[in-house]
Amino acid sequence: MSPGMLKMWISIAGIGLMFLAIITIYFSRYKLKGIFRILSAILAYLFMIIAGITLLIVFFT
């Protein structure tokens, strides 16, 4: 697999993580209550941080 193709797949994974973060943040703010709200918010922000790091790695390599 060429380096360009590998970067494409990694960036698609980062975009997918951002999409999951958006969905999870929406559910944690508007649909869930109690401990599930806190857990889903933590998970969403972890998705966002991992996606940002992934896309930064692709951008700077």
Side-chain angles (χ1 to χ4, degrees):
M1 186 178 294
S2 68
M5 190 66 91
L6 187 62
K7 285 183 184 180
M8 181 198 73
W9 286 112
I10 292 171
S11 64
I12 287 174
I15 292 169
L17 283 172
M18 284 188 184
F19 181 73
L20 282 174
I22 290 169
I23 300 270
T24 312
I25 288 171
Y26 173 77
F27 277 112
S28 74
R29 288 189 179 177
Y30 299 114
K31 301 292 182 184
L32 299 175
K33 299 208 185 288
I35 190 73
F36 294 117
R37 182 178 186 171
I38 296 167
L39 291 176
S40 64
I42 291 170
L43 185 67
Y45 288 113
L46 282 175
F47 283 160
M48 190 64 73
I49 290 168
I50 293 170
I53 290 171
T54 304
L55 294 178
L56 278 175
I57 289 171
V58 168
F59 181 71
F60 286 121
T61 58

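- Rounding to the nearest 0.5 angstrom, the gap separating the OG atom in Ser2 from the NZ atom in Lys7 is 10.0 Å.
- Residue pairs satisfying the side-chain hydrogen bond (donor to acceptor under 3.5 Å, both in side chains) criterion with at least one member in residues 50-61, sequence neighbours excluded, are absent.
- In this structure Arg37 satisfies the side chain to side chain donor-acceptor pair (under 3.5 Å) test with no other residue, sequence neighbours excluded.
- Sorted by first and then second residue, the pairs that involve residues 28-61 and meet ring pair (Phe, Tyr, Trp, His ring centres under 6.0 Å), not counting sequence neighbours, are Tyr26-Tyr30.
- Residue Ile10 is found in a hydrophobic cluster whose other members, listed by chain and number, are Met1, Met5, Leu6, Met8, Trp9, Ile12, Val58; membership requires side-chain heavy atoms under 4.5 Å apart, directly or through intermediates.
- In this structure, Leu43 CG and Ile25 CD1 are separated by 10.0 Å, a value rounded to the nearest 0.5 Å.
- Minimum interatomic distance between Thr24 and Ser40 (heavy atoms only, all atoms of both residues): CG2-O, 3.1 Å.
- In the hydrophobic clustering, Ile57 connects to Ile49, Ile53, either directly or through intervening members, whenever side-chain heavy atoms lie under 4.5 Å apart.
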Would you give me the side-chain donor-acceptor pairs under 3.5 Å for residues 13-21, sequence neighbours excluded?
none

